[in-house]
A.B. asks: 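Dropping a structure here in structure tokens format, bear with me for questions.
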Amino acid sequence: MAAERYPFGEIEAKWQARWEERRQFRVSPDTSRPKFYCLEMFPYPSGRIHMGHVRVYAIGDLLARYKWMRGFNVLHPMGWDAFGMPAENAAIENGVHPAIWTYENIDYMRAQLRKLGISYDWDREFATCDPSYYKWEQLIFIRMLERGLAYRKRSTVNWCPSCQTVLANEQVEAGRCWRCDSEVTRRDIDGWFFKITDYAEELLAWCDRLPGWPERVMTMQRNWIGKSEGAEFDLPVAGRPELKLRVFTTRPDTGFGMTYAVLAPEHPLVDSLVRGEGERAAVERFRAEVLKQSEIERTAEDRPKRGLRLQARVVNPFNGAEIPLFIADYVLTTYGTGAIMAVPGEDQRDWDFATQHGLPIIETVERPADWTGEAYTGDGVKINSGFLDGLTIPEAKRRAIDWLVGRGLGVAKVNYRLRDWGISRQRYWGAPIPVLYCEACGMVPEKEENLPVVLPNDVQLSGKGGSPLAQVASFVNATCPRCGGPARRETDTMDTFVESSWYFLRYCSPHYERGMFERGAADYWMPVDQYIGGIEHAVLHLLYARFYTKVLRDLGLTKVDEPFTALLSQGMVVKDGAKMSKSKGNVVSPDTIREKYGADTGRLFELFAAPPEKDLEWSDQGIEGSFRFLNRVWRFVTTHLDELRRARARAGARAAHTVTPEGKAFRRAIHETIRKVTNDLERDFHFNAAIAAIMELTNTMQAFEAAADGAAADEHAALRREAVETLLLLLGPFCPHVTEELWERLGHAESLFTQRWPEADPAALARDEVTVVLQVDGKVRGRLVVEVDAAEGRVQDLALADERIRPWLRGRAVDRVVVVPNRLVNVVTRS
RNA sequence: GCGGGCGUGGCGUAAUUGGCAACCGCGAUGCGCUUAAAACGCAUUGUCCGAAAGGACGUGCAGGUUCGAGUCCUGCCGCCCGCACCA
């Protein structure tokens with residue numbers, strides 16, 4: 001029973017040790033070879049890895065090993081995204097210090113990864129919670145501060161009551177915290193921001209210049225940046241010449257259809273517009289009502305639009321009409337100017353509100369004759385619009401902006417949905433923000449020579465709120481770097497997404513002590529050629545890292561514009577209908593899988609069961625199938641080992657000259673597999689299809705073996721050897737241990753992964769004959785074997801004379817015959 | 001509502017990108033080996049008609065383009081993902 005299974009345990013330990021001894025995957029810059037930087041998103045050391053994590057590492061290792069075999073100098077590093085909430089929560093629950101918890105997890109997970117046999121350069125490993133790492137992040141923070149790219153402001157922010165900290169917009173998903181799923185509330189608080197909005201245009205422009213990224217990720221980023229073009233202009237307040245209401249619109253052409261205007265309830269102008277105590281009280285009541293509804297209620301389906309009409313009126317500058325002014329919950333402070341001109345004829349939200357409040361509706365675009373809808377947003381000619389009448393919408397937009405600009409009322413304006421990145425976290429386990437507050441000098445950055453500002457160890461973590469660092473007197477109380485007087489340190493820490501925004505650069509020279517990274521190493525290795533990770537980071541990490549890289553470029557530290565040339569977003573591993581995760585309790589441990597089947601089997605299954613970008617349903621039976629396959633390969637090679645080794649001398653003669661037709665067909669199968677697998681890896685990441693082709697080759701080998709017993713077996717020994725070697729080379733990147741072992745047993749002293757990837761031999765692929773499909777009126781009626789590239793006329797004649805075809809032509813006239821060379825003949829009849 | 005993607009056997013999937021639909025695997029059924037089971041091997045496995053030969057049908061639905069459509073176009077239906085009162 002046990003004897004039937006190949007000895008994967010032994011083999012895997014042996015080769016992991018061997019690769020380590022040989023330092024096989026330790027790399028340094030080498031300009032004589034093309035470089036390939038292959039990177040999987042580094043993990044958060046949360047405890048243990050499960051088979052969900054293994055998928056991404058299996059993909060990365062497959063690509064890295066394949067590129068090795070293609071002659072690339074491959075950088076394939078691994079490290080730890082080690083700051084973050086779970087460590088702090090574990091500390092609060094179990095009384096373990098976050099550092100201890102984190103490093104213990106790292107040790108455990110590193111051991112798990114090593115036993116999977118991934119080709120990492122372990123010399124480059126680091127954890128982001130190490131002061132030698134975050135020191136550089138603090139330095140960059142100061143540089144960003146100097147350039148106005150980091151700034152502090154008081155604002156209304158997303159607050160997670162459970163994590164007790166601020167969240168960036170990207171970290172709120174449908175009103176809930178991305179990490180703990182609690183409902184997010186709003187809070188006014190001082191905090192630090194990175195000016196990602198300065199890069200909105202460039203981030204957007206490059207979305208069209210990264211063809212190696214999945215379209216859906218680029219689309220998500222484009223939507224997130226949310227560029228819209230239009231105009232911003234003033235509406236004078238009637239009878240109050242000193243007051244103007246600034247509005248933004250993407251449809252300046254609809255100005256003549258503006259029948260009222262709306263302010264966000266929190267808009268700062270509201271207070272100056274209110275007249276008398278009665279109105280003030282009504283406004284306060286309305287605001288309170290709006291604020292008390294949660295984010296989730298506010299964004300619920302079918303929310304009614306609530307509004308309050310103010311006594312003040314504004315003037316529509318297009319036609320001079322005095323129009324009513326409202327405050328309403330459907331206008332947001334966070335976008336545009338926080339105020340809008342309302343055009344119910346051409347905007348559905350305004351239409352809803354106007355209908356509800358009995359406000360007039362003016363149509364400014366001619367509707368199609370069959371139009372039955374409400375607000376109209378389609379194309380058409382301008383009507384009821386004075387000087388714009390008769391123009392198309394794009395023409396009218398331009399003309400309206402010119403008109404506003406000419407009268408000094410407004411300007412053309414581009415708006416983005418993207419907000420600046422709030423990086424302050426009121427938590428302990430993160431990189432300290434390197435600034436101080438001095439009574440005399442105000443906010444002062446820490447001196448560079450004093451970096452890193454080290455996170456103190458002696459902290460009390462209660463989870464009660466407030467930044468835990470504020471309780472550490474020895475940390476808070478410091479001296480001002482400018483005047484030497486008493487100063488208080490900033491107690492917020494940085495969002496952990498700051499660490500993951502540049503770790504790929506640190507891997508280029510992880511031990512460099514004179515800077516963030518060594519310029520030469522980064523210039524050699526960057527950008528990352530292939531990045532692999534989950535879709536959940538489409539607008540989080542992947543946007544931040546792009547931004548941060550551009551900042552580093554503008555600081556003169558790197559030459560790259562973009563960090564990741566190509567991105568593969570792998571799907572989730574799902575079990576029992578849910579994503580495999582600790583909290584769902586449906587995890588499968590790689591340790592269990594490894595002990596039962598070996599790491600190679602676990603990896604093979606995850607690469608085979610689904611295309612990489614799709615979700616993968618975990619299947620115990622599926623993994624059995626992958627295991628069966630490897631056992632079959634093992635048995636095949638080991639049972640024929642003597643003969644295969646003997647064939648070695650003859651391998652040089654290349655079995656091309658096999659005499660028998662079966663031999664020729666067999667060799668073609670070998671080389672077609674090479675071509676197929678290479679295409680599948682090179683073009684579209686069709687790993688599952690590549691494995692299917694390798695399995696098929698194995699089946700062909702066994703069939704060939706069974707058919708060619710006796711004397712013929714000897715004749716084909718060299719061919720058989722070629723087949724086995726090809727199989728091992730192709731399968732190597734998927735299942736590195738078992739293939740290395742068999743490669744060695746065949747008599748090779750060199751590692752399989754120093755071999756060149758096989759190339760399909762055109763001579764082997766060449767055919768003398770092809771099977772052509774015969775169709776009558778598009779239906780397959782037969783097959784015909786003809787010589788390759790036979791003349792069309794000849795093929796046509798043969799087809800028309802074919803016995804299988806003739807009955808179908810009886811009583812019908814041939815209209816024409818379509819001949820697709822080497823593929824198909826279609827006889828088209830006329831009835 | 002806007003944007004993106006998907007829809008193929010009992011299941012996971014494949015199809016040289018417009019040319020034999022279902023490769024590979026899982027499951028199932030039968031057989032062999034075995035005292036037996038496991039493991040392993042062989043065979044069958046889209047649906048319907050037929051004893052067979054063979055035929056008809058078949059890629060969510062309805063059309064279209066084409067000699068030929070899983071693939072391209074139009075319109076529906078369904079599912080998944082992202083954003084969402086963004087002016």
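Within every chain, numbering begins at 1; the chains are lettered A, B, ... in the order of the sequence lines, protein sequences first and strands thereafter. Keep in mind that the numbers below use all heavy atoms, side chains included, and drop hydrogens, waters and symmetry copies.
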A.B. asks: Contact class for A:Q775 vs. all strands (heavy atom < 4.0 Å): base, sugar-phosphate, or nothing?
C.D. replies: base

A.B. asks: What is the nucleic acid contact for A:R781, judged by heavy atoms within less than 4.0 Å: base, sugar-phosphate only, or nothing?
C.D. replies: sugar-phosphate

A.B. asks: Taking only N and O in the side chain of A:R417, is any of them less than 4.0 Å away from OP1 or OP2 of B:A87?
C.D. replies: no

A.B. asks: Under 4.0 Å, heavy atoms only, any strand: does A:G336 hit a base, just the sugar-phosphate, or nothing?
C.D. replies: nothing

A.B. asks: Taking the side chain of A:K779 as its heavy atoms from C-beta onward, which of B:G19, B:C57, B:A21 lies nearest to it?
C.D. replies: B:C57

A.B. asks: Looking only at side-chain atoms of A:V828, point me to the closest of B:C67, B:U17, B:C85.
C.D. replies: B:C67

A.B. asks: Does B:C80 have OP1 or OP2 sitting under 4.0 Å from an N or O in the side chain of A:K614?
C.D. replies: no

A.B. asks: With a 4.0 Å cut-off on heavy atoms, is A:N826 in touch with a base, just the backbone sugar-phosphate, or nothing at all?
C.D. replies: base

A.B. asks: Look at all strands and tell whether A:E617 reaches a base, only sugar-phosphate, or nothing, counting heavy atoms closer than 4.0 Å.
C.D. replies: nothing

A.B. asks: Under 4.0 Å: is that the gap between some side-chain N or O of A:R632 and OP1 or OP2 of B:G25?
C.D. replies: yes

A.B. asks: Look at the side chain of A:R783 and the base of B:C20, then say whether one donor and one acceptor between them are separated by less than 3.5 Å.
C.D. replies: yes

A.B. asks: So which heavy atom on A:P344 is nearest to which on A:G257, and how close?
C.D. replies: CD-O, 3.9 Å

A.B. asks: Go nucleotide by nucleotide along RNA chain B from the 5' end; which of A:N699 and A:T334 gets its closest nucleotide reached first?
C.D. replies: A:N699

A.B. asks: Identify whether any heavy atom of A:S619 sits under 4.0 Å from a base atom; if not, whether one sits that close to sugar-phosphate; answer base, sugar-phosphate or nothing.
C.D. replies: nothing

A.B. asks: What contact category does A:R216 fall into here, base, sugar-phosphate, or nothing, at under 4.0 angstrom with non-hydrogen atoms?
C.D. replies: sugar-phosphate

A.B. asks: Which of the following nucleotides, B:C24, B:G82, B:U66, is nearest to the side chain of A:N223?
C.D. replies: B:G82

A.B. asks: Measuring to OP1 and OP2 of B:A87, would you say a side-chain N or O of A:S228 lies under 4.0 angstrom away?
C.D. replies: yes

A.B. asks: Does a nitrogen or oxygen in the side chain of A:N631 sit under 4.0 Å from OP1 or OP2 of B:A39?
C.D. replies: no

A.B. asks: Mind checking A:Q621 for me? I need base, sugar-phosphate or nothing, with any heavy atom below 4.0 Å counting as a touch.
C.D. replies: sugar-phosphate

A.B. asks: Would you indicate what A:F608 reaches in the nucleic acid, counting non-hydrogen atoms under 4.0 angstrom: base, sugar-phosphate, or nothing?
C.D. replies: base

A.B. asks: Please determine whether a side-chain nitrogen or oxygen atom of A:R823 lies at a distance below 4.0 Å from atom OP1 or OP2 of B:G18.
C.D. replies: no

